[in-house]
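Step one of this worksheet: look at the structure below.
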2 protein chains.
Amino acid sequence: MTTVQSIDRAFAVLRSLASGPAGVSEIAERVALPKSTVSRLLSTLEELGAVEQVSAGGEYRIGWTMIELSAAARPGRSLISLTRPHLAELSRLTGEAAGISIPDGTDMLYLDQLTPDSELKVRDWTGHRIPMHAVPSGHIMLAFNDQLAERVIKSPLPPFTPHTLTTATALRQRLKVVRGAGYAWALREFAPEMNSVAAGLRATDGTVLAVLHVYGPASRFPGDRDPDELGALVKSMADKIRID
Amino acid sequence: MTTVQSIDRAFAVLRSLASGPAGVSEIAERVALPKSTVSRLLSTLEELGAVEQVSAGGEYRIGWTMIELSAAARPGRSLISLTRPHLAELSRLTGEAAGISIPDGTDMLYLDQLTPDSELKVRDWTGHRIPMHAVPSGHIMLAFNDQLAERVIKSPLPPFTPHTLTTATALRQRLKVVRGAGYAWALREFAPEMNSVAAGLRATDGTVLAVLHVYGPASRFPGDRDPDELGALVKSMADKIRID
DNA sequence: CGGAACGGTCCCATCATATGGAACAGCCGG
DNA sequence: CCGGCTGTTCCATATGATGGGACCGTTCCG
C-alpha cells in the first residue's frame, strides 16, 4: 500500500493542531519535521482554508474548511440530524447531557452532544475518542460484537480512574450484564466525576452501529434515580430510532 | 507562495467528495486527474481516516477524521458549545429551527442548527455556505460592517428566488432597515419555501462576529406571528450571549 | 454461459516536485 | 541596540509523486 508522504505529513500537522493552536516551530517539534517543511505545509493548508493564521506571522489553528468538509461526512452528519431531536428529548427528560457516538477501531468517537444549560456542565466531548473498555458506549458496542470484543479484551486496558475495568474477566462479566439488559451504565469509570448510561442504536437488520448516551456530573447524576430505570429509558428512546 | 501539489489535489478530492460519495473513476473525472493518481490519493486519505470506502472496492466518502478535526476548529466549536443551549431555547420558543453562522469571505458559513422534530422540517444547513446578500444572517453581517458591505455590493448579486435582493439600491435600503432594527428578516429570498429571522452575536467590544437565526417553512413561518416581534425575540436572545 | 465493458488497484521507469539546510527578515524583551 | 526568538524564502538535490498501461474482479447483456 503506497501512501503519499506529503499528505501524511499534512494530516500529522492538522492532528497536532487539533490539540490546540500553535506556531510553526512548535508544530515542527511536535511532528518532528524541519521548520521549513512545516511552514510550507501550513501555507498550503492555509490557502485551502484547512488552517488559518490567527494573526499574520502568528499561530495557526484549524480552519473553516474542516467544518465544511465534516458536514459532508455521511456516517456522522446524517446520523446527527437524524438523532438530534431525540437527544433534545432525552436531555429534557433527564436534565442531563445527551450524545451519540460511533465505533472507530477500538475507540468510541463522540459525534454530537446536547448539554442543557446549568450551573455545572459536563464538557463537550464532540470529536473526542475514548477507548471502548472505559465507557458504557464502548461496552454497548462490545456486547453486541463478539469479534470486536475479543480484540479489545486482548489489547491493553489502561485505567482512567480507579474504577475503570482493566481486566479481561471484569470486562467479560460486564459485557454479559450489558448484553442481558440491552443498556450499559458506568459510574466514575472514565472520568472521576462523571457517570453515564448508554444504549445501542440499531440498523434495520438489528446490528448496532452507533450508541445513544446520557451523562452527567457524579454529584447529581444519576442522583437518587435508579440507574436501571434510566437505562430502560435510554434504551426505549434508542429503540425508537432506526438508522440505515 | 509555494504550495504543495499533492495536498492541493488531496483537498480537491475531498471537496469533490463533499458533494456526494463517488468511485475512483468519477472523482478522477470531476477533478481532472488520472485514475491511478486519484486511487493513490484516496488510499492515502483512507489510511488517515479522512475518507472511507463504503465497501471494499466500492465508493468512497468522507470519513470520521474530518469530524474529529473539525471539532477542534476553534472559531466554530467553542461558539457551538457556547450557543447551543440558547439554540435549544430559541427553537423551543418558536417551534422552528434555530442556528448560528459565521462570515467567511462574502458568504455565511452555517455552523450549527437545531431542528425540532416535526412533520415538515427545513433541511440541515450545517457546513453549507450561502452568499451574504441572499440571507438575513448575511444582511446582519453587512449592516454592521461597512467595508464588507461595500465589497459585497460591488460584487455580482445572483438571484436564488424571484425575491432575492439583486440590486445595490435594494440591498443598501435593506441594510439601512436592518441597522435600525438590530435584526433582519427575509421571506423566500434564498429558498422559495423558507423564511428566516436573524440577529447578530456580539463580542465584548460590540463587534458582530456571528449570527443567530431562526428559520422555518414559509407555509407556517412566521405564520400569523409578527416578523418584527420575532425579530425582537431573536435579538433579545442574541444580546444575552457574549462571545470572545 | 461467454465476453465485453465497466469498476478499482498495482507496477515501474521518468522526471517533476517536495524536501530541508541555511540565509533572511521581523518582532520582542532586556 | 543587540541577542534570541519567531516565521518565511531560497535553491541545489534526489526523493518521492506521477501517470500510462497492465491487471484483476464484477456486473451486465447478448
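In what follows, chains are A, B, ... by sequence order, proteins preceding strands, each numbered from 1.
The distance from atom CD of B/Glu26 to atom C1' of C/dG8 is 14 Å, rounded to the nearest whole Å. Distance CD (A/Glu29) to P (C/dG20): 16 Å, rounded to an integer number of Å. Protein atom CG of B/Leu45 is 12 Å distant from nucleotide atom P of C/dT9, rounded to whole Å. Atom CD in B/Gln53 sits roughly 14 Å away from atom P in D/dT26 (whole-Å rounding). Atom-to-atom, CG of B/Leu41 to P of C/dA18 comes out at 12 Å; the value is rounded to the nearest Å. For B/Ile27 and C/dT9, the CD1 to P distance is 10 Å, given to the nearest whole Å. Atom CG in B/Leu33 sits roughly 12 Å away from atom P in C/dT17 (whole-Å rounding). Going from atom CG of B/Leu42 over to atom C1' of C/dT9 covers 12 Å, rounded to whole Å.
Checking side-chain atoms of B/Arg179 against main-chain N and O of B/Ala143 turns up a donor-acceptor pair under 3.5 Å. Although no hydrogens or angles enter the test, the distance criterion places a donor-acceptor pair under 3.5 Å between the side chain of B/His133 and the main chain of B/Pro158. Here the side chain of B/Ser39 pairs no donor or acceptor atom with the backbone of B/Lys35 at under 3.5 angstrom.
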What donor-acceptor contacts under 3.5 angstrom involve side-chain atoms of residues 4-17 of chain B, with partners at least two apart or in another chain?
{"from": "B/Ser6", "atom 1": "OG", "to": "A/Ser6", "atom 2": "OG", "distance (Å)": "2.4"}
{"from": "B/Arg15", "atom 1": "NH2", "to": "A/Leu48", "atom 2": "O", "distance (Å)": "3.2"}
{"from": "B/Ser16", "atom 1": "OG", "to": "B/Arg30", "atom 2": "NH1", "distance (Å)": "3.3"}

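Between A/Tyr60 and the phosphate of D/dT8, there is a side-chain N or O to OP1/OP2 separation shorter than 4.0 Å. Between C/dT9 and B/Ser39, a contact under 4.0 Å exists linking OP1 or OP2 to a side-chain N or O. Residue B/Ser25 places at least one side-chain N or O under 4.0 Å from the OP1 or OP2 atom of C/dG7. Residue A/Arg40 has no polar side-chain atom (N or O) positioned under 4.0 Å from OP1 or OP2 of C/dA18.
Residues that satisfy the side-chain hydrogen bond (donor to acceptor under 3.5 Å, both in side chains) test with B/Thr207, not counting sequence neighbours, are B/Asp205. Under the rule for a side chain to side chain contact (heavy atoms under 4.5 Å, CB included), the partners of B/Asp124 that lie at least two apart in sequence or sit in another chain are A/Arg77, A/Ser81, B/Gln113, B/Thr126.
The residue among A/Val4 and A/Val24 whose nearest nucleotide of DNA chain D lies closer to the 5′ end is A/Val24.
The aromatic rings of A/Tyr110 and A/Tyr215 lie perpendicular to each other, with more than 60° between the two planes, well past the 30° mark.
Evaluation of the side chain to side chain donor-acceptor pair (under 3.5 Å) test over residues 145-159 of chain B, restricted to residues two or more places apart or in two chains, returns B/Glu150-B/Arg172.
Side chains of A/Leu201 and A/Leu209 form no contact here, defined as non-hydrogen atoms less than 4.5 Å apart.
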Taking only N/O atoms, report every protein-nucleotides 22-26 of chain C pair under 3.5 Å with atom names and distance.
none

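The stretch residues 5-17 of chain A touches DNA chain D through A/Gln5, A/Ser6, each having a heavy atom under 4.0 angstrom from the strand.
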